[in-house]
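Report on the structure given below.
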Amino acid sequence: MIEKTGVAPKDLFMQEFPADSDVLNDPKAIIECYKEIPCNPCETSCPFDAIHIGEDINKRPQIDFNACTGCGICVYNCPGLAISVRHLKGDKAVLKIPFEFTPRPAKDSMVNVVDRGGVVITTGKVIKVQDGKNQKQTALLHIEIDRDYIYDAITIEVPHGS
Ligand code: SF4
Ligand code: SF4
């Protein structure tokens, strides 16, 4: 399916999440990088040595959820926008996602949240808009959504005017 549509099916993307959902009680990076490509900024940018590709730069990145702090640095640095940080908080979930359009949605604004197929599945609240130290073109949006959508939400619908 991913070869034809570019959309990862659920059985594939669920493999990128921790098997124990309690792990997501702390923020963790979820890497959806399915192809073997010569790329490794996720590995080299992580200050906690939580992402491993190794000698062969074509290998897919592997994450060590024990080492990941959910800081989001790899999210800014991934040129493929293939990483998000996800966190369960009570009846909510918080996503940290990359966003490269301007203007950026304002803090406290409501946005439409879409799944991997681009279908709007819920609304979310922008609780923080964060700039990276070295990567000013990519913002890290912190989006609060209902926890039921933690696996399916991938990004937001680009607001009109962006
Ligand atoms: S979120 Fe931070 S700690 Fe986790 S893999 Fe990315 S850079 Fe490393
Ligand atoms: S930086 Fe992004 S695109 Fe490159 S290997 Fe890492 S996750 Fe994949």
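Counting starts at 1 for both ligands and their atoms, in listed order.
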Side-chain (His87) to main-chain (Asn25) donor-acceptor, under 3.5 angstrom: yes
Rounded to the nearest 0.5 Å, what's the gap from [atom1] on [X] to [atom2] on [Y]? Could you check?
X: Leu140; Y: Arg104; atom1: CG; atom2: CZ; answer: 10.0 Å
X: Thr69; Y: Asn66; atom1: OG1; atom2: CG; answer: 12.5 Å
X: Lys89; Y: Ile150; atom1: NZ; atom2: CD1; answer: 12.0 Å
X: Thr138; Y: Glu100; atom1: OG1; atom2: CD; answer: 4.0 Å

Under 4.0 Å from a heavy atom of [X]: which atoms of ligand 2 are those, numbered in the order shown and with their elements?
X: Pro79; value: 1 (S)
X: Cys39; value: 1 (S), 3 (S), 4 (Fe), 5 (S)
X: Cys78; value: 1 (S), 2 (Fe), 3 (S), 7 (S)

Among protein heavy atoms, which lies nearest [atom], and at what distance?
atom: atom 6 (Fe) of ligand 2; value: Cys42 SG, 2.3 Å
atom: atom 1 (S) of ligand 1; value: Gly72 N, 3.3 Å
atom: atom 2 (Fe) of ligand 1; value: Cys71 SG, 2.2 Å
atom: atom 4 (Fe) of ligand 1; value: Cys68 SG, 2.4 Å
atom: atom 8 (Fe) of ligand 1; value: Cys46 SG, 2.3 Å

Check ligand 1 against [X] and write out every atom of the ligand that is under 4.0 Å from a heavy-atom position of the residue.
X: Phe48; value: 3 (S)
X: Ile51; value: 5 (S)
X: Gly70; value: 1 (S), 4 (Fe)
X: Cys74; value: 1 (S), 5 (S), 6 (Fe), 7 (S)
X: Thr69; value: 3 (S), 4 (Fe)

Show your reasoning for whether side chain to side chain contact (heavy atoms under 4.5 Å, CB included) applies to Phe101 and Ile156. CA-CA 11 Å; Phe101 296 91; Ile156 64 167; over 6 Å; no
My understanding is that only one of Thr122, Thr155, Val158 makes a side-chain contact (heavy atoms from CB on, under 4.5 Å) with Val114; could you say which? Thr155
With side-chain contact (heavy atoms from CB on, under 4.5 Å) as the test, pick out the partner of Phe99 among Leu141, Val129, Val126, Ile143. Leu141
Ligand 2-proximal atoms of Ile31, by part, heavy-atom distance under 4.0 Å: side chain
Does Cys33 bring an N, O or S atom to under 2.8 Å of atom 8 (Fe) of ligand 2? yes
Does Arg86 make a cation-pi contact with Phe17, if we ask for NZ or CZ under 6.0 Å from the ring centre and within 45° of the axis? no
Looking at every heavy atom in both Glu32 and Ile154, which two are closest together, and how far apart are they? OE2-CD1, 3.5 Å
